[in-house]
Structures are given as structure tokens and as C-alpha cells.
Amino acid sequence: MIDLRSDTVTQPTPQMRAAMANAPVGDDVFGDDPSINELQQMSAEMFGFDDALFTSSGTQANLLALMSHCDRGDEYICGQQAHNYKFEGGGAAVLGSIQPQPLTNNTDGTINLSDVKTAIKPDDFHFARTRLLSLENTIGGKVLPQSYLAEAQAFTFNHGLKIHLDGARVANAAVAQNLKISDITAHFDSVSICLSKGLCAPVGSLLLGDEVFIAKAKRWRKMLGGGMRQAGILAAAAKLAITEQVDRLAEDHDNAQHLAHQLQSIDELKTDINQVQTNMVFSDFRTRTDINLLASELKQQGVLVYPSQQLRFVTHKDVSKQDIDKAVLAIKSKLTRS
Ligand SMILES: *Cc1c(COP(=O)(O)O)cnc(C)c1O
């Protein structure tokens with residue numbers, strides 16, 4: 001199967017499996033797991049924070065961040081397209097009694113800071129207390145401009161807000177701009193990073209912040225069932241994700257460019273290559289197409305795509321350039337048939 005549904009499908013590398021088998025472990029709830037402790041110290045240092053916390057998923061890391069920045073009756077501002085607004089089960093509202101204030105994302109993924117300013121609630125008991133701005137980078141595969149991050153950071157500082165980054169794919173954003181991850185994370189009070197997407201770890205995310213913030217997050221993590229005992233087995237793979245898999249993402253980005261170029265030659269599809277900045281490609285249909293039917297036909301040809309309004313393709317370690325050529329042939333044969 002050529003699986004273009006997501007970079008979450010990546011298999012752990014042989015090195016990861018070996019490291020997992022041999023990882024020294026202890027009870028992490030007692031703080032005794034050497035592999036977890038090493039991962040957290042190392043990532044805090046690498047990404048420029050006081051402290052770090054290993055979490056079960058990106059959803060958990062974002063929820064811990066929202067609950068650690070905001071109390072009951074507080075509010076966070078985010079994009080309409082934000083993963084931590086749209087795709088995380090409303091967890092901040094359900095479990096944190098935190099109100100989301102979503103605002104329109106521009107095509108480049110940014111949110112106008114003038115809109116954020118208007119959305120900040122006055123200090124008045126009619127309103128929730130606005131505490132936090134949450135951004136996402138990459139968002140829909142797009143990289144937020146560094147100048148925008150600097151402006152957003154200064155803006156939040158001047159308005160007494162904290163600023164969080166959902167950096168599920170921040171490593172892709174760094175590689176695409178030839179930057180260190182810390183050049184991006186430096187603009188934020190807290191950051192979540194997925195290790196189980198393009199970075200190929202089997203499980204896990206990181207949450208980064210200052211000591212007080214991480215202590216709060218650790219308390220919430222325990223309460224939410226995230227005290228994971230001998231989780232050093234997972235941390236051993238996670239360590240290789242951040243040390244050995246980051247630079248490799250450049251191949252995924254090249255493959256996404258290659259795919260987008262090929263898709264442009266299919267008349268039935270509209271693929272804007274200028275929007276392809278990392279490992280995601282989106283195509284619209286020029287005519288009405290039953291996308292679920294198309295997805296099931298492609299599956300019969302060994303190509304997996306995720307059906308939604310658009311066709312979304314995600315490149316990753318386990319799809320090669322040749323796989324992409326095969327996938328394009330399959331798509332061509334299905335779309336030009338009738
Ligand atoms: C995948 C993703 C998450 C959530 O990560 P999970 O590990 O799947 O819970 C959060 N934010 C963004 C932007 C993501 O792409």
C-alpha cells in the first residue's frame with residue numbers, strides 16, 4: 001500500500017526498535033525513568049526551554065498547555081482552522097471549562113493581530129478572561145512567516161497574554177526555512193511537538209515551557225490518566241525522532257513538490273503548487289467528484305488517500321518518489337476514465 005493519508009502512518013525505524021528493546025526504564029510517575037528524564041532534559045535544551053514533558057499524544061500536549069495557561073472561565077484565542085479548536089474533541093471546553101475564541105485564518109495560516117486585539121475581552125464580569133493566543137506552525141502544511149511570529153510574540157506580551165504554539169509539525173517548518181527548531185520556538189511561552197508524525201516515533205509528543213508551567217502540566221497529565229510508568233521504552237524512540245529524523249524531512253518536502261508537479265498535469269485537478277511548502281499537497285476537483293468512491297477505487301489500486309472536501313496527500317518516510325509516480329498513475333487512470 002502507498003499510504004498518503006498522513007505522516008502519522010510512519011513505521012518506527014530499525015534503530016528505534018533496537019533502542020526501545022534496550023532502553024533503561026523506571027517508574028516515571030516517581031521520576032525514576034532514565035530514558036524519559038534524558039529525553040525531557042535534552043529536548044528542553046534543544047528547543048530553548050526550562051523544562052519539558054513527554055506526553056501520550058499531541059492532543060494531550062495541547063490540552064495540558066491550554067489547561068496550564070488558562071483556568072476555568074478563561075479563554076484562548078486561536079484560528080478557525082486550529083487543530084486544538086477543530087480536531088481535539090472540544091477537550092479544552094469539556095475538561096478545562098476553557099472557552100475557545102476562534103478567528104479567521106488567512107490563506108497563509110496567520111491570524112490578523114488586529115482581529116486578535118478586537119477579540120480580547122474587557123475586564124468585566126460579563127466576559128470570559130482572555131489569557132492566551134494559540135498559533136499553529138505548520139498549519140495545513142504551510143509555514144508561518146518568522147516576522148509574523150515576532151509580531152505575535154510582542155503583541156501578546158504588550159497585551160498581557162501568553163502565547164502557545166501547536167508545533168505538531170514545527171520540525172517541518174524549521175527544515176523548510178533552513179532554521180533550527182529553536183529559532184521558531186523562541187517566540188513562544190509554550191510549545192507542543194508531535195514525535196509520531198514525520199519524525200517516525202511510534203507514540204508520543206513533547207510539551208515545553210518554564211518550570212512552573214510544566215509542573216502544572218504534569219499535575220493535569222496525571223489527572224488525565226497520562227502517568228505512564230516505564231514509558232522510557234517510548235522515550236528511547238522519541239529521542240531518535242528528534243536527533244535522527246529532523247533533517248530527513250527535507251526528502252518529504254522534495255517528494256511533496258514532485259507530487260504537486262505531477263498532479264498539475266492532471267486536468268481534472270486544481271493543484272496550487274505555491275501552497276506546497278512542506279509535506280502536504282491539496283488538490284481541488286474541477287468537476288463534481290464522488291471523493292469517497294475515488295478513495296475506495298484508489299485503495300483497490302494500492303493507494304490510500306484521506307477523503308475530505310479536497311484531496312489531501314501527505315508525504316513521509318515510508319513513501320518514495322517511485323511510490324508517488326505510481327500513485328499519480330493510479331489517480332490519472334481513475335480521473336480521466338469517464
Ligand atoms: C496531529 C496534530 C495534533 C494532535 O496530535 P495527536 O498525536 O494525533 O493527538 C495536534 N496539532 C496538529 C497541528 C496536528 O497536526
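Note that ligands are numbered from 1 as they come in the structure, with each ligand's atoms numbered from 1 the same way.
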Residues clustered with V94, ILVMFWY side-chain links under 4.5 angstrom: L53, L63, L64, L66, M67, Y76, Y85, L95, I98, L132, L207, F213, I214, W220, M223, L224
Atom indices of ligand 1, in the order listed, that fall short of 4.0 Å to a heavy atom of R169: 15 (O)
Distance-only donor-acceptor check, side chains E88 and H83, under 3.5 Å: yes
Numbered atoms of ligand 1 (with element) below 4.0 Å of G58, judged on heavy atoms: 4 (C), 5 (O), 6 (P), 7 (O), 9 (O)
Protein contact of atom 14 (C) of ligand 1 - nearest heavy atom, named by residue and atom, plus distance: K197 NZ, 2.6 Å
Identity and separation of the nearest protein heavy atom to atom 11 (N) of ligand 1: D166 OD2, 2.6 Å
Side-chain heavy-atom pair N172, H253 within 4.5 angstrom cut-off: yes
Distance filter under 4.0 Å to E136 heavy atoms, resulting ligand 1 atoms: 13 (C)
Within 6.0 angstrom of R219 CZ, more than 12 heavy atoms from elsewhere: no
Heavy-atom neighbours of Y306 OH exceed 12 at 6.0 Å: no
Backbone or side-chain N or O of T138 under 3.5 Å from ligand 1 N or O: no
N or O pair under 3.5 Å between S196 and ligand 1: no
Atom indices of ligand 1 within 4.0 angstrom of T59 heavy atoms, with elements: 4 (C), 5 (O), 6 (P), 9 (O)
Ligand-side contact atoms (ligand 1) for residue partner E88, heavy atom cut-off under 4.0 Å: 10 (C), 11 (N)
Short N or O distance, S205 and ligand 1, threshold 3.5 Å exclusive: no
Enumerated ligand 1 atoms positioned under 4.0 Å from heavy atoms of S57: 7 (O), 9 (O)
Part of N62 with heavy atoms under 4.0 Å of ligand 1, whether side chain, backbone, both or neither: side chain
Among D7, D254, T138, side-chain hydrogen bond (donor to acceptor under 3.5 Å, both in side chains) partner for N279: D7
Name of the residue among Q99, H69, R129 meeting side-chain hydrogen bond (donor to acceptor under 3.5 Å, both in side chains) with D74: R129
Per-residue contact class, C194 against ligand 1 - non-hydrogen pairs under 4.0 Å: side chain
For A168, the ligand 1 atoms whose distance to one of its heavy atoms is below 4.0 Å: 2 (C), 11 (N), 12 (C), 13 (C), 14 (C), 15 (O)
Test item: side-chain donor near acceptor, N84 and S134, under 3.5 Å: yes
Salt bridge (Lys or Arg N to Asp or Glu O under 4.0 Å) involving E38 - partner list, sequence neighbours excluded: K239
